[in-house]
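All of these numbers come straight from a predicted model, not from anything done at the bench. Within every chain, numbering begins at 1; the chains are lettered A, B, ... in the order of the sequence lines, protein sequences first and strands thereafter.
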2 protein chains.
Amino acid sequence: MHTFSEENYLRAIYRLSLDAKAKISPTSIAEELNNNPASVVDMLKKLTDKKLISYDKKKGAKLTDKGTKTAIEVVRKHRLWEVFLLEKLGYGWEEIHDIAEQLEHIHNDELADRLDKFLGFPDYDPHGDPIPKANGKIATTYKTMLLEVEPGNSCQVAAVKDTSVAFLHYLEKLGVGIGTRIKIVEKIAFDGSMVIQVGKADKINVSKKFGESILVG
Amino acid sequence: MHTFSEENYLRAIYRLSLDAKAKISPTSIAEELNNNPASVVDMLKKLTDKKLISYDKKKGAKLTDKGTKTAIEVVRKHRLWEVFLLEKLGYGWEEIHDIAEQLEHIHNDELADRLDKFLGFPDYDPHGDPIPKANGKIATTYKTMLLEVEPGNSCQVAAVKDTSVAFLHYLEKLGVGIGTRIKIVEKIAFDGSMVIQVGKADKINVSKKFGESILVG
DNA sequence: ATAATTTATTAGGCATGCCTAATTTTTTAT
DNA sequence: ATAAAAAATTAGGCATGCCTAATAAATTAT
Ligand SMILES: [Mn+2]
Ligand SMILES: [Mn+2]
Ligand SMILES: [Mn+2]
Ligand SMILES: [Mn+2]
């Protein structure tokens, strides 16, 4: 079995690999895990020895098939537990991520599948991210950033790219959740911020960072 | 927050403290945790520094109030998760202990209480052990060992003192679970074994160890 | 009381996973 | 092309938690 730390690295590398193009460097992994590039280099050696990744200074880190399988299993458990925490235990969507970071490391062969069944085979987690299926397949979701929607158009929130408490609390305050309709009123060229309208509420200005953190479908 | 290892030591010391009389020595803790007395001595120092226990070669290890509180919280989570795994996820009663050993270390202030509520405030876990309440109170259960019941009498299984897969599988095979009625037919003085009858099944002989591992009410 | 045995403790070590500080390599700017 | 900056790596260290082997202390048996 893999350690918590190894699983966290695999998940980090997996997440980074979704952003495509960008090479997965020690620095980028360190940023993702809030640790030090020197520590990352240590761990990349271990993961390479265990054939969970390949690493090449030029090409960066890449999950092997074995590594991908493990990473997806961890993500699957993470997202299923998030559904459990929200739907069954009644936690708020800003609280669940931290607890799921712990629960994703519980090891038992049948656990993910039993949990999946118990929850009614949910397709998405509470942040709008697709839950990998038992066979490892993940619904490929082609989503656009809120930032890319043209003024005058409306859209519906499909997922959040940031699961920090600060961001989710802010969304809560604005009345924004998965499925919420948002109308883009205007874009401010100066700083990339945008004026939006959530449902029938007053128009508000949100930052570029905000626009990049919401995916719409 | 405490580490997994610290919590495991506290739980071990707590368990040993229930057997009363016996002094809690490094050797007994090492046995409980399947590790080495030398390792235990190391950890007893750490736990003493953190004021979770007191340790004295003469008197052995003793949980402080703070240590007791933590130990009981861990036990509470352990037993609640066992109920969850059995009742909600459909695991067998021999599978749940190992998974609960992992789940008991998930940290979140509200977790135990939310889980408790979700499960309908169960009083006992699937092995018949009382689940500590939110205030730390534990139903004191005065139970007798099956071994102590006199021939001719019947009794009802209240709890199992051993949660090993081997024992629980054996019980499964004999059709014995919590609540099962057992009639004591005869006691064999030679080796302390006993002849019992489970429900209307054939009479069988079970060992002294068996008789010591079942509590009846 | 003395010897044998068991228990507790110390000493030294190892693996994991992190760190800082130095050094080397690579990239970017001038 | 050279200098400056950034990124990667190495070296050395530290905390945790475990181990074995050696030693000291306490029990038990003779
Ligand atoms: Mn999450
Ligand atoms: Mn999520
Ligand atoms: Mn248990
Ligand atoms: Mn139990």
Side-chain angles (χ1 to χ4, degrees), chain A residues 1-14 16-17 19 21-63 67 70-71 74 101-102 104-107, chain B residues 1-14 16-17 19 21-63 67 70-71 74 101-102 104-107:
Chain A
M1 257 324 88
H2 309 112
T3 65
F4 279 31
S5 202
E6 286 168 348
E7 290 187 350
N8 283 334
Y9 273 88
L10 293 177
R11 195 162 65 89
I13 294 169
Y14 176 76
L16 291 169
S17 76
D19 279 334
K21 42 197 167 287
K23 191 179 76 172
I24 300 173
S25 61
T27 311
S28 63
I29 296 172
E31 220 159 86
E32 182 79 17
L33 293 172
N34 288 309
N35 70 0
N36 194 293
S39 311
V40 174
V41 172
D42 282 352
M43 183 59 95
L44 291 183
K45 280 194 200 89
K46 280 180 220 159
L47 295 175
T48 303
D49 289 347
K50 293 197 174 188
K51 309 229 190 284
L52 292 163
I53 64 162
S54 64
Y55 176 61
D56 180 296
K57 195 190 294 203
K58 298 282 175 190
K59 298 181 178 174
K62 267 201 157 47
L63 294 170
T70 305
V74 173
E101 293 255 344
Q102 303 173 60
E104 71 189 3
H105 303 296
I106 304 293
H107 290 297
Chain B
M1 260 322 88
H2 309 112
T3 64
F4 278 31
S5 201
E6 286 167 348
E7 291 186 350
N8 284 334
Y9 273 88
L10 294 176
R11 194 161 67 89
I13 295 168
Y14 177 77
L16 291 169
S17 76
D19 279 332
K21 41 197 165 289
K23 192 180 77 172
I24 301 173
S25 61
T27 311
S28 63
I29 297 172
E31 222 159 83
E32 182 79 18
L33 293 173
N34 289 308
N35 70 1
N36 194 293
S39 310
V40 173
V41 173
D42 282 352
M43 183 60 95
L44 291 183
K45 281 196 199 86
K46 278 179 223 161
L47 294 175
T48 303
D49 289 348
K50 294 197 173 190
K51 310 229 191 281
L52 291 164
I53 65 163
S54 64
Y55 176 61
D56 179 293
K57 194 190 294 202
K58 299 280 174 191
K59 299 182 178 175
K62 268 201 156 47
L63 293 170
T70 305
V74 173
E101 292 256 345
Q102 303 172 61
E104 70 190 3
H105 304 295
I106 302 294
H107 291 298

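- Minimum atom distance to the side chain of B:Asp42 is reached by D:dC18, of the listed D:dG17, D:dC18, C:dA8.
- In this structure, CD1 of B:Ile29 is placed 13 Å from C1' of C:dT7, rounded to the nearest angstrom.
- A donor-acceptor contact shorter than 3.5 Å is absent between the side chain of B:Lys62 and the backbone of B:Asp56.
- The NZ-P distance, from B:Lys23 to D:dA26, rounds to 10 Å in whole Å.
- Taking side-chain N and O atoms only, B:Tyr9 has no distance below 4.0 Å to OP1 or OP2 of D:dT16.
- Rounded to whole angstrom, the span from the CG atom of B:Asn36 across to the C1' atom of C:dA11 amounts to 14 Å.
- Rounded to an integer number of Å, the gap from A:Met43 CE to C:dG17 P is 4 Å.
- Note on B:Phe4: nothing from the nucleic acid sits closer than 4.0 angstrom, heavy atoms only.
- We find the OH-CG distance between A:Tyr9 and A:Asp42 to be 7.5 Å, quoted to the nearest 0.5 Å.
- Following rounding to the nearest Å, A:Asp56 (CG) and D:dT9 (C1') show an atom-to-atom distance of 15 Å.
- Using a 4.0 Å cut-off, some side-chain N or O of B:Ser39 falls inside it from OP1 or OP2 of D:dC19.
- Residue contacts for B:Asn35: at a heavy-atom cut-off of 4.0 Å it reaches the sugar-phosphate backbone alone, with no base atom in range.
- Rounded to a whole Å, the NZ atom of B:Lys58 is 13 Å from the C1' atom of C:dT7.
- Ring orientation note: the planes of B:His105 and B:Phe4 are close to parallel, at an angle under 30° on the 30°/60° scale.
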- request: For the pair B:Ile29 and B:Met43, evaluate side chain to side chain contact (heavy atoms under 4.5 Å, CB included) and give the outcome as yes or no after the intermediate values.
  value: CA-CA 11 Å; B:Ile29 297 172; B:Met43 183 60 95; over 6 Å; no
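- When each of A:Pro37 and A:Lys57 is assigned the nucleotide of DNA chain C with its nearest heavy atom, A:Pro37 is the one assigned upstream, toward the 5' end.
- Checking the phosphate oxygens (OP1, OP2) of D:dT16, no side-chain nitrogen or oxygen of B:Lys46 falls inside 4.0 Å.
- Distance B:His2 NE2 to D:dG17 C1': 16 Å, rounded to the nearest Å.
- Close to D:dT16, at under 4.0 Å from its OP1 or OP2, lies no side-chain N or O of B:Ser5.
- OP1 or OP2 of D:dT10 has at least one side-chain nitrogen or oxygen of A:Lys45 nearer than 4.0 Å.
- Atom OH of B:Tyr55 and atom P of C:dT9 are 3 Å apart (whole Å).
- With the nearest nucleotide of DNA chain C identified for both B:Leu44 and A:Lys50, B:Leu44 has the one nearer the 5' end.
- Residue B:Thr3 places at least one side-chain N or O under 4.0 Å from the OP1 or OP2 atom of D:dG17.
- Atoms OG and CG, from B:Ser54 and B:Leu47 in turn, are 11.0 Å apart once rounded to the nearest 0.5 Å.
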